[in-house]
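All heavy atoms count here, side chains included; hydrogens, waters and symmetry mates do not. Only a predicted model underlies this, so the values are computations on that prediction, with no experimental measurement involved. So you know, we letter chains A, B, ... as the sequences are listed, proteins then strands, and number each from 1.
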Amino acid sequence: MSALGAERYARPVVEVAQALLGCTLRFGPCTGVIVETEAYHDSEAACHAHVGLTPRTHVLFGEPGRAYVYRSYGIHALLNAVCEPAGVGAAVLIRALAPLDGLEEMQARRGAVHREDLCSGPGKLTQALGIDLELNQSDLSAGPITIEPPGPGWEEVDVIAGRRVGITKAVELPWRFCVAGARSVSKPWPPGLHDTVAPRVR
DNA sequence: CATGGGATTGACT
DNA sequence: GTCAATCCCATGC
């Protein structure tokens with residue numbers, strides 16, 4: 001299966017965040033189905049690109065389809081897919097995977113945790129797959145990290161929207177998206193009153 | 001050049 | 001439930 005082209009990322013970031021659910025993330029021998037994402041856009045204060053063009057945000061304002069990988073809390077690498085046309089600072093944070101292939105490699109890096117916990121968080125999945133800061137700015141349509149169209153059984157999924165996790169600004173935006181019923185989603189997931197089921201967007 | 005704040009996780013009370 | 005680990009980078013002097 002071939003990787004999604006850059007044009008698939010040159011769309012409104014909230015659309016792409018939902019469209020990536022069910023797609024397969026691949027790095028080396030490891031693959032997993034994307035089951036949780038969040039959208040970030042320079043127009044809102046939670047997005048790193050909100051501060052404008054700096055060395056750090058350069059990639060966010062650049063070509064769609066690139067990886068934005070940054071260090072969080074001094075410890076974890078978090079993986080994003082840059083979206084919208086160049087000149088707009090926007091990205092989809094990949095928050096969780098349902099592991100498919102390379103389980104042994106993932107377990108070697110993550111320890112003896114249950115399968116559904118191997119990639120159930122943005123820092124966990126980069127650790128499991130071995131994705132680090134050197135992959136910042138790499139081309140997701142060329143590799144070594146790629147995102148491919150949904151595999152068997154993942155073509156049609158119901159999407160649940162909610163508030164984004166771990167931020168202090170623009171907390172009200174319902175820009176977190178999960179696959180309904182997925183077990184490998186990240187921790188804070190008590191369905192709230194503002195959660196809604198959104199239509200599938202491709 | 002010094003400072004402060006995280007798009008988190010896991011260990012511990 | 002609380003809390004520390006740890007480093008990149010934006011900001012301000």
Side-chain angles (χ1 to χ4, degrees), chain A residues 9 12-18 20-21 25 32 34-62 64 66-84 88-97 99 106-138 140 145 147 160-179 182-190 192 194-195:
Chain A
Y9 300 91
V13 66
V14 172
E15 282 186 26
V16 181
Q18 296 169 73
L20 291 184
L21 294 177
L25 179 72
I34 298 171
V35 294
E36 180 183 352
T37 60
E38 286 177 357
Y40 289 87
H41 188 277
D42 62 44
S43 62
E44 45 90 13
C47 182
H48 290 171
H50 190 64
V51 299
L53 192 58
T54 68
R56 182 193 209 191
T57 63
H58 177 79
V59 60
L60 287 169
F61 286 98
R66 298 301 181 105
Y68 168 52
V69 185
Y70 73 97
R71 190 164 300 291
S72 173
Y73 291 93
I75 301 172
H76 303 101
L78 269 54
L79 171 66
N80 299 252
V82 174
C83 293
E84 311 241 359
V88 178
V92 172
L93 171 66
I94 311 298
R95 287 195 58 89
L97 308 174
M106 295 186 195
Q107 285 163 351
R109 286 184 282 251
R110 286 274 300 138
V113 298
H114 289 129
R115 179 184 179 127
E116 61 266 25
D117 292 324
L118 280 175
C119 299
S120 59
K124 295 178 185 178
L125 72 91
T126 55
Q127 183 190 12
L129 272 62
I131 293 170
D132 62 19
L133 297 195
E134 294 187 355
L135 291 158
N136 190 33
Q137 304 189 53
S138 67
L140 296 174
I145 308 172
I147 298 177
I160 296 178
R163 294 183 174 193
R164 295 175 293 181
V165 176
I167 56 173
T168 59
K169 301 165 188 166
V171 296
E172 71 284 354
L173 294 174
W175 284 5
R176 182 195 191 197
F177 304 101
C178 294
V179 173
R183 285 199 292 268
S184 298
V185 298
S186 70
K187 198 66 178 292
W189 192 242
H194 296 93
D195 299 340

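- When every heavy atom of A:C119 is checked against every heavy atom of A:A128, the shortest pair comes out as SG-CB, 3.8 Å.
- One interatomic measurement links the two molecules: CZ of A:F177 to P of B:dA7, which rounds to 18 Å at whole-angstrom precision.
- Rounded to a whole Å, the CG atom of A:L173 is 13 Å from the C1' atom of B:dA7.
- Within residues 66-81 of chain A, the residues that have a heavy atom under 4.0 Å from DNA chain B are, in order of number, A:Y70, A:S72, A:Y73, A:G74, A:H76, A:L78, A:N80.
- An OP1 or OP2 oxygen of B:dA7 is reached within less than 4.0 angstrom by no side-chain nitrogen or oxygen of A:K169.
- In this model, the phosphate group of C:dT11 is not approached by any side-chain N or O of A:R56 to a distance below 4.0 Å at OP1 or OP2.
- Contact check on A:E36 versus A:R176 returns a salt bridge, with a Lys/Arg side-chain nitrogen under 4.0 Å from an Asp/Glu carboxylate oxygen.
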(request) Let me have DNA chain C in dot-bracket notation, would you? Count Watson-Crick plus G-U wobble pairs, both distances under 3.5 Å, and use [ ] for pairs crossing earlier ones and | for inter-strand partners. (result) |||||.||||||.

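- We find that A:E44 and A:R164 are joined by a salt bridge, their nearest charged nitrogen and carboxylate oxygen being less than 4.0 Å apart.
- Between A:E38 and A:R95 there is a salt bridge, with a side-chain nitrogen of the basic residue lying less than 4.0 Å from a carboxylate oxygen of the acidic one.
- Aromatic rings from A:H48 and A:Y70 are positioned such that their centres are separated by under 6.0 Å.
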(request) Could you go through the side-chain contact (heavy atoms from CB on, under 4.5 Å) check for A:F177 and A:L21 one step at a time? (result) CA-CA 8 Å; A:F177 304 101; A:L21 294 177; 3.8 Å; yes

(request) Tell me, with the steps shown, if A:M106 and A:L129 meet side-chain contact (heavy atoms from CB on, under 4.5 Å). (result) CA-CA 6 Å; A:M106 295 186 195; A:L129 272 62; 3.8 Å; yes

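- Among the heavy atoms of the strands lying under 4.0 Å from A:L93 is at least one base atom, whether or not backbone atoms are also near.
- Taking 4.5 Å as the limit, some side-chain heavy atom of A:I94 sits within range of a side-chain heavy atom of A:L125.
- Taking every side-chain heavy atom of A:R110 into account, B:dG10 is the closest of B:dG10, C:dA10, C:dC8.
- For A:Y40, counting side-chain heavy atoms from C-beta on, the closest listed nucleotide (B:dA7, B:dT8, B:dT9) is B:dA7.
- When rounded to the nearest whole Å, the span between CD1 of A:I167 and P of B:dT8 equals 9 Å.
- Note: NE2 (A:H48) to P (B:dG6) measures 9 Å, nearest angstrom.
- Atom CD in A:E36 sits about 13 Å away from atom C1' in B:dT8, given to the nearest Å.
- With rounding to whole Å, A:K187 atom NZ is found 14 Å from C:dT2 atom P.
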(message) The test is side-chain contact (heavy atoms from CB on, under 4.5 Å); show your working for A:L79 and A:Y68 and say whether it passes.
(response) CA-CA 6 Å; A:L79 171 66; A:Y68 168 52; over 6 Å; no

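- Checking C:dC8, B:dA7, C:dT11 against every side-chain atom of A:C47, the shortest atom distance belongs to B:dA7.
- The residue A:R95 sits close only to the backbone: its heavy atoms come under 4.0 Å of sugar-phosphate atoms, none of a base.
- Heavy-atom minimum distance, A:L118 versus A:G111: CD2-O, 4.5 Å.
- Rounded to whole angstrom, the span from the CG atom of A:N136 across to the P atom of C:dC7 amounts to 18 Å.
- Here the C1' atom of nucleotide B:dA11 and the NZ atom of A:K124 are 13 Å apart, to the nearest Å.
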